Amino acid sequence: MSDYQSEDAANVSAEQSKQAGTQSLKDRSIGDIIRDARSLSAEEVEKVLAYQREKGVRFGEAAVALGLASEDDVLNALAQQFHYPLANAERRVSSPELVTLNQPFSVQAEAIRAARSQVTMRLHGAGEARTALAVISPEHGDGKTYFAANLAVSLAQLGGRTLLVDADLRSPRQHEVFCVSNTAGLSNILSGRSEAQVIQTVEGVPGLFVLPGGSIPPNPLEMIERPAFGLLMRELCNKFDHVIVDTAAACVGADASMVASKCGAVIVLARKNSNKYDALQELVASVAGGSVRVLGAVLNDY
């Protein structure tokens with residue numbers, strides 16, 4: 001057998017082993033995963049099964065009711081069985097805003113997934129070139145960073161390569177949300193001082209990448225207005241399935257409108273019982289028309 005044939009045979013064998021491992025993981029029940037994680041004895045498993053039959057509940061619910069497992073054990077088991085990213089205890093403390101990872105079955109996470117569905121249906125039509133999606137809002141504290149971060153996570157959970165860009169060059173925060181370095185980022189690229197590994201992976205979320213804001217420049221609007229930003233967005237859209245862009249509040253300047261014009265698509269975020277109608281109307285008017293598509297508005301109630 002030639003070297004090439006040997007290599008092919010080894011690759012086939014490795015792929016078969018990988019598929020077998022994946023299949024065995026899929027075949028494992030929630031009960032098996034919880035049993036192994038908690039090292040339950042045969043007697044304890046029988047107690048759970050008896051309770052399950054008596055009450056007509058799932059294995060995980062029965063184990064929690066008997067004090068033999070925790071809610072976290074059940075969530076971890078579900079995450080393993082369905083290959084669903086779930087934050088560990090350390091991430092939940094360090095990144096409390098990431099509800100799609102910390103509380104994947106919460107009302108907030110479900111609302112993010114509903115918004116994701118609308119984005120995927122409206123953003124890219126058949127045969128259309130990919131465009132980046134900017135998240136904009138009138139004021140500080142409306143929840144742009146929260147929404148953009150969780151939307152990016154939820155898109156990555158679909159399996160595509162997703163990039164979250166922090167284009168708020170006045171007060172960038174995505175590096176804090178995801179606990180990544182902000183030594184270098186978007187501002188460094190636009191000023192021609194980019195370094196290696198500017199785009200960073202997110203631990204525990206396959207397919208998710210973050211481009212932080214980087215050093216805060218004295219001229220954020222001018223940097224975004226430069227042709228380099230538009231060229232960068234087009235390049236990133238060719239490399240990633242989804243590009244989500246966080247922005248500065250519209251009240252501080254024209255940054256958000258300019259970012260939207262370079263991205264090509266925008267979602268307007270409003271906070272319930274906070275934003276004034278006139279401010280929202282003015283913001284929409286500033287981005288509507290031309291090549292910018294306004295996909296819709298999101299009312300933040302969290």
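All figures in this text were calculated on a predicted structure; none of them were measured in a lab.
- The two residues Ala148 and Val135 come nearest to each other via the heavy atoms CB-CG2, 4.1 Å.
- Looking at Asn150, its side chain never comes within 3.5 Å of a backbone N or O of Phe147 through a donor-acceptor pair.
- Nearest heavy atom pair, residue Cys251 against residue His140, reads SG-CD2, 3.9 Å.
- Side chain to side chain, Asp142 and Asn300 fail the donor-acceptor criterion of an N or O pair below 3.5 Å.
- When the shell of 6.0 Å around CZ of Arg58 is examined, it contains 12 or fewer heavy atoms from other residues, nucleotides or ligands.
- Distance check: Glu139 CD to Arg271 CZ gives 11.5 Å after rounding to the nearest 0.5 Å.
- For the pair Ser39 (side chain) and Arg35 (backbone), a donor-acceptor distance under 3.5 Å is absent.
- Using a 4.5 Å cut-off on side-chain heavy atoms (C-beta onward), Arg38 and Leu68 make no contact.
- Here the side chain of Asp246 pairs no donor or acceptor atom with the backbone of Ala167 at under 3.5 angstrom.
- Two residues are said to be in side-chain contact when any heavy atoms from C-beta on lie closer than 4.5 Å; Asn188 and Ser215 meet this criterion.
- In summary, Arg53 and Glu46 engage in a salt bridge, as defined by a charged side-chain N under 4.0 Å from a carboxylate O.
- In this structure the side chain of Asn275 never reaches within 4.5 angstrom of the side chain of Ser137, judged on heavy atoms.
- Residues Val287 and Ser261 fail the side-chain proximity criterion, which asks for heavy atoms closer than 4.5 Å.
- Taking CD of Glu225 as the reference point, atom NZ of Lys262 lies at 7.0 Å (rounded to 0.5 Å).
- Contact of the Val177 side chain with the Tyr146 side chain is not registered, since no non-hydrogen atoms from C-beta on lie closer than 4.5 Å.
- The backbone N or O of Pro104 sits less than 3.5 Å from a side-chain atom of Arg113, completing a donor-acceptor pair.
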Exercise. Could you check Leu169 against Leu186 for side chain to side chain contact (heavy atoms under 4.5 Å, CB included), going step by step and ending with a plain yes or no?
Key: CA-CA 8 Å; Leu169 300 186; Leu186 177 62; 4.1 Å; yes
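- Looking at Gln103, its side chain never comes within 3.5 Å of a backbone N or O of Ala109 through a donor-acceptor pair.
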Practice problem: Under the side chain to side chain contact (heavy atoms under 4.5 Å, CB included) rule, what do Ile189 and Phe229 come out as? Steps first, then yes or no, please. | Solution: CA-CA 9 Å; Ile189 294 176; Phe229 181 71; over 6 Å; no
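- A distance of 8.5 Å separates CZ in Phe209 from CG in Leu163, rounded to the nearest 0.5 Å.
- Between Pro172 and Gly214, the shortest heavy-atom distance links the atoms CG-O, 4.2 Å.
- Taken from CG in Leu211 to CG in Asp166, the straight-line distance is 8.0 Å, to the nearest 0.5 Å.
- Within the model, atoms CG of Leu123 and CG of Leu133 stand 6.0 Å from one another, a figure rounded to the nearest 0.5 Å.
- If you run side chain to side chain contact (heavy atoms under 4.5 Å, CB included) between Arg116 and each of Leu151, Thr100, Val153, only Leu151 comes through.
- A salt bridge links Arg130 and Asp241; the closest N-O separation between the charged side-chain nitrogens and carboxylate oxygens is under 4.0 Å.
- Comment: Lys47 does not engage Glu44 in a salt bridge, judged by the lack of any side-chain N to carboxylate O separation of less than 4.0 angstrom.
- Counting only heavy atoms from C-beta outward, the side chains of Val268 and Val298 never approach each other to under 4.5 Å.
- Heavy-atom contacts from other residues, nucleotides or ligands closer than 6.0 Å to CD of Glu282 number 12 or fewer.
- Side-chain atoms of Arg293 never come within 3.5 Å of backbone atoms of Ala265 as a donor-acceptor pair (strictly under, hydrogens ignored).
- Remark: Glu222 does not engage Arg226 in a salt bridge, criterion side-chain N to carboxylate O under 4.0 Å.
- Across all their heavy atoms, Leu98 and Ala149 have their closest contact at CD2-CB, 3.9 Å.
- Distance check, rounded to the nearest 0.5 Å: CZ of Arg161 to CG of Leu155 gives 14.0 Å.
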Quiz item: Step by step, would you call Ser181 with His175 a side chain to side chain contact (heavy atoms under 4.5 Å, CB included)?
Solution: CA-CA 6 Å; Ser181 171; His175 62 284; over 6 Å; no
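- When side chains are defined from C-beta on, Leu283 counts as touching Ile136, because their heavy atoms get closer than 4.5 Å.
- Two residues are said to be in side-chain contact when any heavy atoms from C-beta on lie closer than 4.5 Å; Ser187 and Pro217 meet this criterion.
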Quiz prompt | Stepwise side chain to side chain contact (heavy atoms under 4.5 Å, CB included) test for Val48 and Phe59 | solution = CA-CA 7 Å; Val48 175; Phe59 186 94; 3.4 Å; yes
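- With 3.5 Å as the limit, one finds no donor-acceptor pair spanning the side chains of Asp168 and Thr247.
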